[in-house]
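Take a look at the structure below.
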Amino acid sequence: MFQTIRGTFDILPDTQEAGKQFVPGSAIWRHVEARVHEVMKRFGFEEIRTPILEPLGLIAHGVGQTTDIVQKEMFVVQRGDEEYVLRPEVTAPVMRSYLQHSLGQRGRAQRLYYLGPCFRAERPQKGRFRQFHQFGVELIGADGPMADAEAIACLRAVYDGFGITGTRLRINSLGDADLRPRYRDALKSYFEPFRDRLSETSRQRLETNPLRILDTKSEDERLLLANAPRIAEFLSDEARAHFDAVKQHLDLLGISCTEDPLLVRGLDYYTGVVFELESDDLGSQSALAAGGRYDGLAESVGGKQPVPAVGWAAGIERLFLAMRASDYDFPEPDRPDAYMVALGTEAQNWVFAKAQHLRAAGFHVEYDLMGRSMKAQMKEANRQRARFAVIVGENELASGTATVRDLDSSEQREVAFDEIVSSLRPPTEP
RNA sequence: GAGGCUGUAGCUCAGUUGGUUAGAGCGCCAGGUUGUGGUCCUGGAGGUCGUGGGUUCGAUCCCCACCAGUCUCCCCA
């Protein structure tokens, strides 16, 4: 028998949470997605949908050759001489689309958001899958600190809206593009004497991407880092002012954040302010969302001039875990207005026709397709938590009335066929 | 990519120191109620014991590999 491939999952009508991984049912996915769309609308972000498949080069140049994503986690699709990738993230594709369609010509700074699947060939863990789902915003065309703060405010609004508690917003600045070479040299000369105390990957990163050493979890390396040169010492006056202004704007909104001089990003396109929303309740997969400014991305994916931009991305699977940890009240399944119970062939035909009629009037109506007994039909009505059972047999056909049973109160009465619609409507408020 | 733990019915799990027909609870189906659900009672269906190989007279049980899940590492949202 075939199964979902490693690190992927089916979203079923019912929530799967027993034992293995927690996968909410499809109605809960729609509910969560709807609330994301709703927050985005309030912030004036417009949805953009880009292909799942992108040119390999876009990702390699956009995300960065030295990143783990590009080096070992991409799903590559070959077709003839072409190589495509299942997108591992959406920022580079959105920038590609912005440039391809000259969205800057729409005038204002573009507030774009997306929601959809991404793919990384990592080893699956709780809250981490090979096909996972992200949503995020990209605010493109504005270089001022207000844009950074606006993006963060939107992030906060999404998570506050879901009632997620126990989160921390960490923030840092990686400075201008010209900071990297200078800071890299300083880090290299600082670590040079301790070379033999570094892990193999950290030694490699010293050459390829020294900033990432700040990310290390090795205790010994963290001790070394305590005295390492700080990015802050290398910030230009301009970058420092931008960073301070972002923090001031967040303060205006009452959004608290923790400055973390060791916070860096795994992807190459980040410059300037970076931030991360972290949960206390999620163990090793603690990052709920992360983002920052990426003024250099446009050029690295082939744009002719720099385009200032800031954005973030959030994982939906982790959002679900955080919601569960915060005891979020997930919506109950939709209740049918009526379950129609038929006794006999003639009644079945009547129910079949009447059900379509009631549905056309806007009701959620169910009935049995398997020709089952009355008891089975009633059981099914109960299982689906229908509000009313509309029972029709020979007696009813003869009298032109249906038995309408309120399944909550167990009261039932006879209702003329053409009054069934009004009997299903909730009593109108006086 | 590395390491640990796990894999028995749709779900949660027992079990067999290697021996004939592998169990429970929940769920599902039917009957008790020839036209009435949610409670109750009775019965039933449902399993290549993750897959493949090995050891053995005999493997769900022991060994190996693979697959999947889970946790930690790496890394990341």
Side-chain angles (χ1 to χ4, degrees), chain A residues 1-9 12 14-23 63 66-73 88-91 117-118 120-130 132-136 155 159 199-202 204-205 209 212 215-218 264-267 275-279 282-292 311-322 339 341-344 347 370 372-397 403-412:
Chain A
M1 204 171 57
F2 294 111
Q3 295 186 1
T4 48
I5 60 180
R6 167 183 259 238
T8 68
F9 54 87
L12 303 176
D14 289 328
T15 296
Q16 309 166 64
E17 73 182 307
K20 334 174 198 175
Q21 76 251 46
F22 170 62
V23 180
V63 173
T66 62
T67 60
D68 278 26
I69 291 180
V70 168
Q71 290 193 337
K72 55 186 192 194
E73 295 171 1
E89 56 95 55
V90 192
T91 298
C118 295
R120 285 181 204 170
E122 299 174 292
R123 183 142 182 176
Q125 283 177 42
K126 195 185 202 74
R128 168 189 286 187
F129 300 89
R130 288 187 160 186
F132 56 103
H133 299 77
Q134 284 198 330
F135 62 95
L155 174 61
Y159 282 81
S199 66
E200 195 182 326
T201 48
S202 287
Q204 216 166 359
R205 279 180 191 156
N209 197 350
R212 300 264 316 282
D215 243 354
T216 185
K217 283 177 185 153
S218 146
V264 292
R265 298 259 52 101
L267 311 187
F275 51 88
E276 187 163 315
L277 187 69
E278 210 179 31
S279 167
L282 260 48
S284 64
Q285 313 296 316
S286 63
L288 290 171
W312 50 261
I316 294 187
E317 287 80 1
R318 291 202 192 164
L319 170 58
F320 282 134
L321 291 180
Y339 192 97
V341 176
L343 296 138
M370 301 192 295
R372 294 200 289 183
S373 69
M374 178 176 193
K375 177 173 176 147
Q377 293 181 64
M378 290 298 292
K379 247 185 118 158
E380 185 60 28
N382 186 62
R383 183 167 24 224
Q384 295 194 30
R385 300 186 62 242
R387 292 171 201 283
F388 294 99
V390 177
I391 302 164
V392 176
E394 283 173 28
N395 302 343
E396 286 82 358
L397 289 174
T403 302
V404 176
R405 181 181 178 88
D406 183 320
L407 291 175
D408 292 330
S409 67
S410 299
E411 288 166 7
Q412 66 183 41

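Sequence lines set the chain letters: A, B, ... in the order given, protein chains first and strands last, and positions in each chain run from 1.
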Sticking with atom [atom1], work out how far [N] lies from [M], rounded to a whole angstrom.
N	M	atom1	result
G27(B)	U12(B)	C1'	11 Å
C61(B)	U6(B)	P	15 Å
G50(B)	A9(B)	C1'	14 Å
G52(B)	G7(B)	C1'	15 Å
A65(B)	C26(B)	C1'	36 Å
C13(B)	G47(B)	C1'	14 Å
U72(B)	U55(B)	C1'	34 Å
C64(B)	C5(B)	P	11 Å

Provide a list of protein-nucleic acid N or O atom pairs under 3.5 angstrom, restricted to nucleotides 65-68 of chain B.
| unit_1 | atom_1 | unit_2 | atom_2 | d |
| --- | --- | --- | --- | --- |
| A68(B) | OP2 | R6(A) | NE | 3.2 |

Take the protein atom [atom1] of [X] and the nucleotide atom [atom2] of [N], then report the distance between them rounded to whole Å.
X	N	atom1	atom2	value
R318(A)	C75(B)	CZ	P	14 Å
F388(A)	G37(B)	CZ	P	18 Å
H133(A)	A77(B)	NE2	C1'	13 Å
L288(A)	C76(B)	CG	C1'	13 Å
R120(A)	C75(B)	CZ	P	14 Å
F129(A)	G69(B)	CZ	C1'	10 Å
N395(A)	U36(B)	CG	P	12 Å
F22(A)	G69(B)	CZ	C1'	17 Å

Which heavy-atom pair separates [X] from [Y] by the least distance, and what is that distance?
X	Y	value
F132(A)	P88(A)	CZ-O, 3.7 Å
Y159(A)	L288(A)	OH-O, 3.5 Å
T8(A)	T4(A)	OG1-CB, 3.4 Å
G127(A)	L321(A)	CA-CD1, 3.6 Å
C118(A)	Q134(A)	SG-OE1, 4.0 Å

Nearest of U36(B), C74(B), G35(B) to any side-chain atom of E396(A)?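 Nearest listed nucleotide: G35(B).
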Which of these nucleotides, A77(B), G37(B), G35(B), is closest to any side-chain atom of I391(A)?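 Per side-chain heavy atoms of I391(A), the pick is G35(B).
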For [X], which contact category applies under a 4.0 Å heavy-atom criterion: base, sugar-phosphate, or nothing?
X	result
Q412(A)	base
A290(A)	sugar-phosphate
A381(A)	nothing
F132(A)	base
Q377(A)	nothing
S410(A)	base
D408(A)	base

R120(A) CZ to E89(A) CD distance, which is reported to the nearest 0.5 Å: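 R120(A) atom CZ to E89(A) atom CD measures 7.0 Å (nearest 0.5 Å).
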Rounded to the nearest 0.5 Å, how far apart are CZ of R318(A) and OG of S279(A)?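 Going from CZ on R318(A) over to OG on S279(A), the span is 10.5 Å.
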Go through L319(A) and F135(A) one step at a time and tell me if the side-chain contact (heavy atoms from CB on, under 4.5 Å) criterion holds. CA-CA 10 Å; L319(A) 170 58; F135(A) 62 95; 4.0 Å; yes
Answer whether the closest heavy-atom distance between the side chains of F22(A) and T15(A) falls below 4.5 Å.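 Contact flag for F22(A)/T15(A) side chains = yes.
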Any non-hydrogen side-chain atom of V404(A) less than 4.5 Å from a side-chain atom of Q412(A)?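 The answer is no; the side chains never approach within 4.5 Å.
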Exam field: side chain [X] to backbone [Y], donor-acceptor pair closer than 3.5 Å:
X	Y	result
S410(A)	L407(A)	no
R372(A)	Q377(A)	no
E317(A)	H133(A)	yes

With the sugar-phosphate defined as primed atoms, P, OP1 and OP2, and the base as all remaining atoms, what B/S/- string results for nucleotides 29-34 of chain B, 5' to 3', for protein heavy atoms under 4.0 Å? SS-B--
Distances under 3.5 Å between protein N/O atoms and the N/O atoms of nucleotides 1-4 of chain B, please, pair by pair.
| unit_1 | atom_1 | unit_2 | atom_2 | d |
| --- | --- | --- | --- | --- |
| G3(B) | O6 | R123(A) | NH2 | 3.4 |

May I have the list of side-chain donor-acceptor pairs in residues 384-397 of chain A shorter than 3.5 Å, sequence neighbours left out?
| unit_1 | atom_1 | unit_2 | atom_2 | d |
| --- | --- | --- | --- | --- |
| Q384(A) | NE2 | E380(A) | OE2 | 2.9 |
| E396(A) | OE1 | G393(A) | N | 2.9 |
| E396(A) | OE2 | T403(A) | OG1 | 2.7 |

Stem list, RNA chain B (Watson-Crick or G-U pairing under 3.5 Å, at least 3 consecutive pairs):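 Paired runs of 3+ in RNA chain B: B:1-7 with B:67-73, B:10-13 with B:23-26, B:28-32 with B:40-44, B:50-54 with B:62-66.
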Mind running side-chain contact (heavy atoms from CB on, under 4.5 Å) on M378(A) and R405(A) for me, showing each step along the way? CA-CA 10 Å; M378(A) 290 298 292; R405(A) 181 181 178 88; 3.9 Å; yes
Is a donor-acceptor contact shorter than 3.5 angstrom present between the side chain of N382(A) and the base of G38(B)?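 A donor-acceptor contact between them is absent.
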R6(A): side-chain contact (heavy atoms from CB on, under 4.5 Å) partners, not counting sequence neighbours: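 With neighbours one apart ignored, the set is R123(A), P124(A), R130(A).
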